[in-house]
Amino acid sequence: MSKIAVVYWSGTGNTEAMANEVAEGAKAAGAEVDVLTASEFGADKMDAYDAVAFGCPAMGAEELEDSEFEPMFSDCEGKLGGKKIALFGSYGWGDGEWMRTWEETCKGDGAVLACESVLANEAPDDDAVAACQALGKALC
Ligand SMILES: Cc1cc2nc3c(=O)[nH]c(=O)nc-3n(C[C@H](O)[C@H](O)[C@H](O)COP(=O)(O)O)c2cc1C
């Protein structure tokens, strides 16, 4: 059974809702899943998981949330080489630039992106919910 971490930051609940759907998808595919906030995770926990889903909304000016998520994620970057991961997050008025930048960072770190990243405009709609569940399954 694969062990998967779903690690997220969410200010108003949209990315949290996505995280819970990712977890449901992974559990339905038979994985053991831990859902953790950014402050509960760090590089020291990476080796305990076969795969990690990272979720963060677009914040700042098309950036990762900078007080909790970005420091945690930077800490994990040294452990991303060869690691199976997937990215998700909610956004508002932008065009997804934060996610494209984030994907490039992960590729540069040598991470193995298990599937397309999932973006939701504000609260996840039915399509985004289904895509989050599929993302969870893809990590198994
Ligand atoms: C401080 C702040 C900065 C934001 N910056 C962006 C941005 O650069 N691009 C964008 O598309 N949305 C931006 N948003 C909108 C959020 O990404 C959007 O509301 C998202 O659904 C929040 O997700 P959450 O509920 O998981 O916190 C910003 C929101 C806040 C509060």
Side-chain angles (χ1 to χ4, degrees):
M1 182 194 286
S2 53
K3 195 170 174 198
I4 292 174
V6 181
V7 181
Y8 73 95
W9 184 93
S10 185
T12 55
N14 296 329
T15 305
E16 180 177 14
M18 297 175 80
N20 289 330
E21 298 298 341
V22 170
E24 286 308 310
K27 280 182 203 161
E32 182 186 342
V33 184
D34 289 336
V35 181
L36 303 161
T37 62
S39 59
E40 294 171 331
F41 195 74
D44 58 331
K45 301 212 168 139
M46 288 285 285
D47 291 341
Y49 296 95
D50 300 303
V52 183
F54 288 103
C56 184
M59 297 296 285
E62 299 297 330
E63 291 157 351
L64 297 173
E65 189 280 326
D66 67 357
S67 69
E68 289 180 4
F69 192 90
E70 200 282 331
M72 177 283 297
F73 186 75
S74 289
D75 189 34
C76 292
E77 279 192 72
K79 291 270 185 184
L80 287 184
K83 195 85 184 179
K84 196 185 212 189
I85 67 165
L87 307 179
F88 64 93
S90 178
Y91 68 101
W93 51 84
D95 70 349
E97 182 188 338
W98 106 103
M99 185 61 79
R100 294 193 296 277
T101 306
W102 192 11
E103 286 169 347
E104 288 308 312
T105 300
C106 293
K107 286 176 190 166
D109 292 331
V112 179
L113 289 163
C115 61
E116 295 275 305
S117 307
V118 177
L119 291 72
N121 187 223
E122 301 294 348
D125 62 11
D126 290 349
D127 286 349
V129 164
C132 286
Q133 292 174 357
L135 183 151
K137 190 175 178 185
L139 285 173
C140 295

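Excluded from the calculations below are hydrogen atoms, water molecules and symmetry mates; all remaining heavy atoms, backbone and side chain alike, are included. Keep in mind it's a predicted model, so treat the numbers as computed, not measured. As the structure lists them, so they are numbered: ligands from 1, and atoms in each ligand from 1.
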For ligand 1, is there an N or O atom under 3.5 Å from any N or O atom of [X]?
X	value
Thr15	yes
Gly94	yes
Gly92	yes

Quiz item: Just one of Trp102, Trp9, Trp98 clears the ring pair (Phe, Tyr, Trp, His ring centres under 6.0 Å) bar with Phe69, so which one?
Solution: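 Single pass found, and it is Trp102.
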With heavy atoms of [X] as the reference, note each atom of ligand 1 found under 4.0 Å away.
X	value
Ala61	8 (O)
Ser10	24 (P), 25 (O), 26 (O), 27 (O)
Thr12	22 (C), 24 (P), 25 (O), 27 (O)

Looking only at protein heavy atoms, which one is nearest to [atom], and how far off is it?
atom	answer
atom 1 (C) of ligand 1	Met59 CE, 3.8 Å
atom 23 (O) of ligand 1	Pro57 CB, 3.3 Å
atom 16 (C) of ligand 1	Ala58 O, 3.5 Å
atom 20 (C) of ligand 1	Ser90 OG, 3.4 Å
atom 5 (N) of ligand 1	Gly60 O, 3.1 Å
atom 27 (O) of ligand 1	Gly11 N, 2.7 Å

From the candidates [options], the one that places a heavy atom nearest [atom]:
atom	options	answer
atom 14 (N) of ligand 1	Tyr8, Tyr91, Trp93	Trp93
atom 7 (C) of ligand 1	Glu62, Met99, Glu97	Glu62
atom 19 (O) of ligand 1	Met18, Glu122, Glu63, Glu16	Glu122

Quiz prompt | Minimum heavy-atom distance between Asp95 and Arg100, given as atom pair plus value | solution = O-NH1, 3.0 Å
Quiz item: What are the two closest non-hydrogen atoms of Cys140 and Ser2, and how far apart are they?
Solution: CA-OG, 3.7 Å
Quiz item: Considering only heavy atoms, does Ala120 approach ligand 1 within less than 4.0 Å through its side chain, its backbone, both, or neither?
Solution: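 It is neither; nothing of Ala120 touches ligand 1.
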Quiz item: Cut-off 3.5 Å, side chains only: do Glu62 and Thr101 have a donor facing an acceptor?
Solution: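 No, no side-chain donor-acceptor contact under 3.5 Å.
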Quiz item: For the residue pair Tyr49 and Phe41, does the interplanar ring angle fall in the parallel (under 30°), tilted (30 to 60°) or perpendicular (over 60°) class?
Solution: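 Correct class here is tilted.
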Quiz item: Does Glu116 CD have over 12 foreign heavy atoms under 6.0 Å away?
Solution: no
Practice problem: Find out if a path of hydrophobic residues (ILVMFWY) with successive side-chain heavy-atom gaps under 4.5 Å connects Phe88 to Leu139. | Solution: yes
Quiz item: For Met46, does its backbone N or O pair with a side-chain atom of Lys83 as donor and acceptor, under 3.5 Å?
Solution: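 Yes, Lys83 side chain to Met46 backbone: donor-acceptor pair under 3.5 Å.
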Quiz item: Does Asp47 pair with Lys79 as a salt bridge, N-O distance under 4.0 Å?
Solution: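 So Asp47 pairs with Lys79 through a salt bridge.
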Quiz item: Is the closest side-chain heavy-atom distance between Met18 and Val118 below 4.5 Å?
Solution: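 Heavy-atom side-chain distance check passes, below 4.5 Å.
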